[in-house]
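These notes concern the structure reproduced below.
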Amino acid sequence: MGIAGNKQTLSNRFRADYCGLLSPARELSPVRLAGWVHRKRDHGGLIFIDLRDHTGLCQLVIQPEHHELFTQAEQLHAESVICVEGIVVPRAEGAVNPRLASGEIEVMVSLIAVESHAQPLPFPVADEVQTSEELRLKYRFIDLRREKIHDNIIFRSRVTAAIRHYLEEKDFIEIQTPILTSSSPEGARDFLVPSRLHPGKFYALPQAPQQFKQLLMVSGFPRYFQIAPCFRDEDARADRSPGEFYQVDMEMAFIEQSDLFAILEGMIEHLTRTMSQKCITQFPFPRISYKEVMNRFGTDKPDLRIPLEIQDVTPLFVGSGFKVFANNTVAGSCVKALVLKGRGNESRLFYDKAEKRAKELGSGGLAYIQFKAEGPKGPVVKFLLEADLSTLKSHLGLETGDVVFFGAGKWESTCKIMGGMRSWFGDLFTLDKEELSFCWIVDFPMFEYNEEAKKIDFSHNPFSMPQGEMEALENMPPLDILAYQYDIVCNGIELSSGAIRNHKPEIMYKAFGIAGYSREEVDQRFGHMIEAFKLGAPPHGGIAPGLDRLVMILRDELNIREVIAFPMNQQAQDLMMSAPSEVTLAQLRELHLKVELPKKEEGKG
RNA sequence: GGAGCUGUAGCUCAGUUUGGUUAGAGCGCCUGCCUGUCACGCAGGAGGUCGCGGGUUCGAACCCCGUCAGCUCCGCCA
């Protein structure tokens, strides 16, 4: 137990002292300890017990002179809860255990009171062997005794405390917003809660306190924050828990994008410096436009530590003899290249695997050229002229021994495929896990073209302020309009999105008009927001970094469950509490609900 | 909704490629021995519907089909 505090002061009949805090300073003084039997070593004539509490471990010694005490100790099992009294004694020279904080001393026990006999556990606490997720989640209360995850939860508490402290210093006000609220028409699927008092009507759990925090700005609170639970009925990922998660939800009035960046950078720098050994690559965080990040990294959440960049080679293939590339030199399409220095002489398998990955990412294939000492090699070489190859070489800075991979097609999908390859090839490099490479992704487009619906849609939050405001909406081609919409990204993980909001009703009507909504429809769907903005709304903006992801990054965890005390599994079930579960007919009746399950298909599968 | 990986003792895993007597190991558990260990040591013992169902076969943990569960990815998701 590495990171628990040292301000344990409570002294009562159970304990007056703490295992991890004992040191030679307490030599020969009587102590009263309580905790779990971490390990027992029974030598027949002498028994050692490692006692564990929240602060750490301490070795107890039980000598055979007290027969009753010795018999008690003999019968103890791992994870039983005991309270002991004894005397702190220095360990003999050579018997010191440098791996234990309390390793210079041990406690000669004079009294043992067993508070709880533990039966054999489904999995060991002391040996932190890999255990199946299923068992760990079912017996989460045992899993949480294990040092690593126990420390993660303590660390998370420290992070939230530090965030509160930092933001309160900056005049932020913490305000709780409702959990039972109304369904919002945009975004993820809602969790619904039936209303007993209003038959046939439902509350929805908030996907985020988005509208509330904006309304708090209208109410004149200049800076709001909340460690806010958010509920979205969407599927899980390693970095995304199903159902519910926490955001450090923030909103500020009378600010511009750069003001918000400065405050958030300050908070993250503070957390990193005070809570970790990690180091931030660049400060202030680099700002990269959406278009640039897609062109260079092929994703809007790049891991900037990977020393690879995608390059554009579209102009080089205008009129090329290789039709697949030449056909993608038209507007809206592109040809992209990704160079791997010194990887031009790998086995055929290396390139085949890369192509397989590209196909998994949705590409038709993965053209490549190996620049070997004996000349260029690869499936597309035969389509290219000598001149094309040398232009390529000088344009991309290619040398003998290098390989270049190509992607061609529609701009966005090609960028994404090459971005997927960039992060796949990222495994070839050793990334410094003590490095936090933060960046802001800015200048997201306000609108995008929806191919299926053949219409213009909002590409992100419809309440974001368009850059250039009304003038831009009236005069610019819609797809060229940018929004004050930004993401903060660290090491390939998106921590949060945020935006400067649109607080002007007329601009909102205009923006919704471009996306095909009439004034009446907007009033119907977002009437209360628009109404609020007609009654005196300050300019405002905000962001909401994911707390779980922030803790993951600071603790080097790859799975979000490792930083959540009681997480659900991938199927959004709580295996410990058996949620979700069926309810009684009486409960359903009171809520005016009737369950109709889908019929299972008969016969063969 | 789709794809991949995994499923053998309480736990972690070997055995499956190439079907063949009674399915193994370490830890844990039970019994005994052991006064300086710290993953204590030593001896003995118990513990299995090989996820489940069906099929092929003289014979299935192993091959085939289906199904369930867990994880990872795509879709989805601020």
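Worth knowing before you read on, the calculation uses all heavy atoms, side chains too, and leaves out hydrogens, waters and symmetry mates. In what follows, chains carry the letters A, B, and so on, assigned in the order in which the sequence lines appear, proteins first and then strands, with residues in each chain numbered from 1. Fair warning: this is a prediction, and the values are worked out from it, not measured in the lab.
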Over how many whole Å does the gap from [X] atom [atom1] to [N] atom [atom2] extend?
X	N	atom1	atom2	result
A:L135	B:G51	CG	C1'	14 Å
A:I560	B:C77	CD1	P	18 Å
A:F458	B:C77	CZ	P	17 Å
A:H67	B:U35	NE2	C1'	14 Å
A:D42	B:G32	CG	P	11 Å
A:E234	B:C76	CD	P	10 Å
A:H38	B:C40	NE2	P	9 Å
A:I47	B:C33	CD1	P	13 Å

What I want to find out is whether [X] reaches [Y] closely enough, with some N-O distance under 4.0 Å, to be called a salt bridge.
X	Y	value
A:R156	A:D548	yes
A:E494	A:R240	no
A:R52	A:E79	yes

Aromatic ring of A:F123 stacked on base six-ring of B:C11, 5.5 Å, 30° = no

query = Do A:H43 and the base of B:C40 stack face to face, with centres under 5.5 Å apart and an angle between planes under 30°?
reply = yes

task = Tell me which residues in residues 409-429 of chain A put a heavy atom below 4.0 Å from RNA chain B, sorted by number, or none.
result = none

task = Taking only heavy atoms on the protein side, list every residue of residues 238-253 of chain A lying under 4.0 Å from any atom of RNA chain B, sorted numerically.
result = A:A238, A:R240, A:Q247

Can you find an N or O donor on one side and an acceptor on the other, under 3.5 Å apart, linking the side chain of [X] with the base of [N]?
X	N	value
A:N97	B:C38	yes
A:D235	B:G75	yes
A:R136	B:G70	no
A:R91	B:C38	yes
A:Q59	B:U37	yes

Taking the minimum atom-to-atom distance to the side chain of [X], which one of [options] wins?
X	options	value
A:R237	B:C74, B:G70, B:C27	B:C74
A:P64	B:C29, B:A78, B:U35	B:U35
A:E133	B:C73, B:C71, B:G36	B:C71
A:Q571	B:C73, B:G70, B:C38	B:G70
A:R232	B:A78, B:C29, B:C40	B:A78
A:T131	B:A78, B:C76, B:C11	B:C11
A:P124	B:C11, B:A78, B:G1	B:C11

Donor-acceptor pair, side chain of A:H540 and main chain of A:M252, under 3.5 angstrom = no

request  = Might you work through the salt bridge (Lys or Arg N to Asp or Glu O under 4.0 Å) test for A:E133 and A:R561, ending with a clear yes or no?
outcome  = CA-CA 10 Å; A:E133 287 276 334; A:R561 287 185 295 272; 2.8 Å; yes

inquiry  = Ignoring hydrogens, what is the shortest heavy-atom contact between A:L308 and A:R422? Give both atom names and the distance.
reply    = O-NE, 2.6 Å

Counting only Watson-Crick pairs (N1-N3 plus N6-O4 or O6-N4) and G-U wobbles (N1-O2, O6-N3), all under 3.5 Å, who is the partner of [N]?
N	result
B:U67	B:G51
B:A3	B:U72
B:G26	B:C11

note = Result for 5'-nearest mapping on RNA chain B, choosing between A:V61 and A:Q210, is A:V61

A:W440 and A:F261 aromatic ring geometry - parallel, tilted or perpendicular at 30°/60° bounds = parallel

task = Tell me whether the centres of the aromatic rings in A:F447 and A:F458 are closer together than 6.0 Å.
result = yes

task = Answer yes if the ring centres of A:H43 and A:F48 are under 6.0 angstrom apart, and no otherwise.
result = yes

request  = Identify whether any heavy atom of A:H77 sits under 4.0 Å from a base atom; if not, whether one sits that close to sugar-phosphate; answer base, sugar-phosphate or nothing.
outcome  = sugar-phosphate

